[in-house]
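Please read the structure below before turning to the comments.
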Amino acid sequence: MAGITKVFPGIIANDDITLQLKKGEIHALLGENGAGKSTLMSILFGLYQAEKGVIKKNGEEVRIHGPNDAKKLGIGMVHQHFKLVYNLSVLENIILGAETVKYGILKLDSARKQIVELSKHYKLDINPDALISDITVGMQQRVEILKMLYRENEILIFDEPTAVLTPQEIDELMHIMKNLVAEGKSILFITHKLDEIKKIADRCTVLRKGKCIGTVDVASVSKEDLSEMMVGRKVNLSVDKKEKQAGDIILKVENLTVGRKAASKDTGGKALVNNASFEVRSGEIVCIAGIDGNGQQEIVLALAGMLETSSGRVFLGGKEITYNDIRSRGFAHIPEDRHKHGLVLDYTLAFNLVLQNYFTPRFQRKGFLKFNEINKFADNLIGTFDIRCGKGSQTIARSMSGGNQQKAIIAREITRDSSLLVAVQPTRGLDVGACEYIHKQLIAERDKGRGVLLVSLELDEVMDVSDRILVVFEGEIVADVRPKEVTYQDLGLYMSGSVRRTASEKRETA
């Protein structure tokens, strides 16, 4: 890709960028949120058309007017937000757009055989008859990879492929990617995670604010060098946090149990959350850690009044509350799924930033919104939290990058007047500079006396940011520990259910 320039209203997303991919290499594309990485790859895949620049494959200039042109050239893409049809099966999603039809009848037998063979060859075990809506995020990603392989793509684009995966699934994906390049395929790998780049990439091209900063051999640079190229300043990759004494109990959860009507079918009769009890005090960050799918999400959704509970009691500020009124009593919530629960994607950024308090006297009078005040409030948050947006407060949320959508939610929730902040995967999809800023914000909220309940799959974040760690396994809290008391290996044992440890230091073999 030579001299690529792409302009959106109010912003130059790609400014004269040149990128070269060699056959059989893993080439990382690194940059801050909004740096132009996904835009550049969307141009290569035909989703956008560049105003300037040329694309050459094997030395010959090619025209890519849409994804079908890209596929004919052997270019495939796994998008950050998967492009799957949730009410279709795995098999139907893989062949969608590349169906074999005879006399108007869809032929599935040969496609099924080919897909099963591909899944075995690349160790991408899937159930071809399962509905997309019924499988995990990690399995959905396998489906996206098999879509590319089924079309015999030779250039594979992975856009933030590890943002929604567990540590175990990330290791598995890395192994798959190495096998793909060993067979002569070439991979463009968009990520924010420096450890992953050092582990798997051959070369790395760094973008900053739409411009190409340079391309380096990964083996010859440090993580600190890469982060400085990306952000334009030195970034503290460790978290600075002083010890702080916890205060009064803000959140108390007693014997919380969340079942499911189809529990016997989906969970083997087990509750999704089983008799969970814990406390969060003012001035402390309590982190719920565990392998994805072990009840973390259900605990938070139950607290937020978004999931029915079987039993249990919740106290906020010393008063027992029902699940329906918890948010009106001081509960700020950064949700796991920013599209489903965090934003109204077709609203402006300004409206999204006041979703929780547009009805207060500050933003309305006698039922009429104060648009000037709303825009003033939004402009302040955009500047404070460095939310990159082409049209300022009037930017439509859907048009923003995933990382900047996340920043908008974090800005809205952190600035709410609440005693408790629940943050679920708050740094998912964010670059190192943004992660550094969010970690500082969480610690600052703790230091102000706020209680913070953090849910994270990132073990570095769990160990560095938390004051206390609760480990969940199969819906039960199996450990209540402090970061200084455990190692990464210990956490892995707790997360797998091999060892349990209570708050009173009692250990028992599971």
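Just so we're clear, the structure is a prediction, and the values are computed from it rather than from any experiment. Only this structure's heavy atoms are used, side chains among them; waters, hydrogens and symmetry mates stay out.
- For the residue pair L457 and Q296, the shortest heavy atom distance occurs at CD2-NE2, 4.1 Å.
- Side chain of S282 to main chain of G451: no donor-acceptor pair is present (N/O by atom type, distance under 3.5 Å, no hydrogens or angles).
- In this model, no donor atom of one side chain and acceptor atom of the other lie less than 3.5 Å apart for T257 and N275.
- Judged purely by distance below 3.5 Å, without hydrogens or angles, the side chains of S186 and H27 never pair a donor atom with an acceptor atom.
- Side-chain atoms of E144 and H79 include no donor-acceptor pair closer than 3.5 Å.
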Show your reasoning for whether side chain to side chain contact (heavy atoms under 4.5 Å, CB included) applies to F377 and T415. CA-CA 11 Å; F377 174 77; T415 53; 4.3 Å; yes

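- Looking at Q114 and I94, their side chains never come closer than 4.5 Å, going by heavy atoms from C-beta outward.
- E461 and T427 form a side-chain donor-acceptor contact under 3.5 Å, judged by distance and modelled atom types alone.
- For the pair R412 (side chain) and N352 (backbone), a donor-acceptor distance under 3.5 Å is present.
- Between the K185 side chain and the L156 main chain, no donor and acceptor come within less than 3.5 Å of each other.
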Go through the steps for L343 and Q405 under the test side chain to side chain contact (heavy atoms under 4.5 Å, CB included), then give the verdict. CA-CA 8 Å; L343 297 166; Q405 290 174 351; 3.6 Å; yes

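- Formation of a donor-acceptor pair under 3.5 Å by the R208 side chain with backbone atoms of G31 is not found in this model.
- No more than 12 heavy atoms of other residues, nucleotides or ligands shown are found within 6.0 angstrom of CG on D248.
- Under a 4.0 Å N-O distance rule, the pair E196/K198 does not qualify as a salt bridge.
- Only one option out of D490, I469, L470 pairs with V481 in a side chain to side chain contact (heavy atoms under 4.5 Å, CB included); it is I469.
- For the pair I187 and L180, the minimum side-chain heavy-atom distance is below 4.5 Å.
- Counting all heavy atoms, side chain and backbone alike, V478 lies closest to Y494 at CG2-O, 3.6 Å.
- Looking at R446, its side chain never comes within 3.5 Å of a backbone N or O of S466 through a donor-acceptor pair.
- Defined by atom type and a distance below 3.5 Å, a donor-acceptor pair is missing between the side-chain atoms of E254 and S277.
- Judged purely by atom type and a 3.5 angstrom limit, N404 uses its side chain to pair as donor or acceptor with the backbone of R388.
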Could you go through the side chain to side chain contact (heavy atoms under 4.5 Å, CB included) check for L188 and L29 one step at a time? CA-CA 7 Å; L188 283 162; L29 196 57; 5.8 Å; no

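- At least one donor-acceptor pair under 3.5 Å links the side chain of R281 to the backbone N or O of G247.
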Apply side chain to side chain donor-acceptor pair (under 3.5 Å) to residues T360 and N357 and explain how you reach the verdict. CA-CA 6 Å; T360 61; N357 53 7; 5.2 Å; no

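- Looking at N274 and E476, their side chains do bring a donor and an acceptor atom within 3.5 Å of each other.
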Assess whether salt bridge (Lys or Arg N to Asp or Glu O under 4.0 Å) is satisfied between K448 and E445, documenting all intermediate values. CA-CA 5 Å; K448 291 176 185 175; E445 293 304 307; 3.3 Å; yes

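- In this structure, the side chains of E336 and V455 stay at 4.5 Å or more apart for every pair of heavy atoms.
- Between F351 and Y358, the ring centre distance reaches or exceeds 6.0 Å.
- Between the side chain of E413 and the main chain of H333, a donor-acceptor pair closer than 3.5 Å is present.
- Side chain of D159 to backbone of M77: no donor-acceptor contact under 3.5 angstrom is found.
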Decide side chain to side chain donor-acceptor pair (under 3.5 Å) for R450 and S418; before the verdict, give the C-alpha distance in whole Å, the side-chain angles of both, and the deciding distance to 0.1 Å. CA-CA 8 Å; R450 206 173 190 180; S418 62; 2.3 Å; yes

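- Between the side chain of D467 and the backbone N or O of I285, at least one donor-acceptor pair lies under 3.5 Å.
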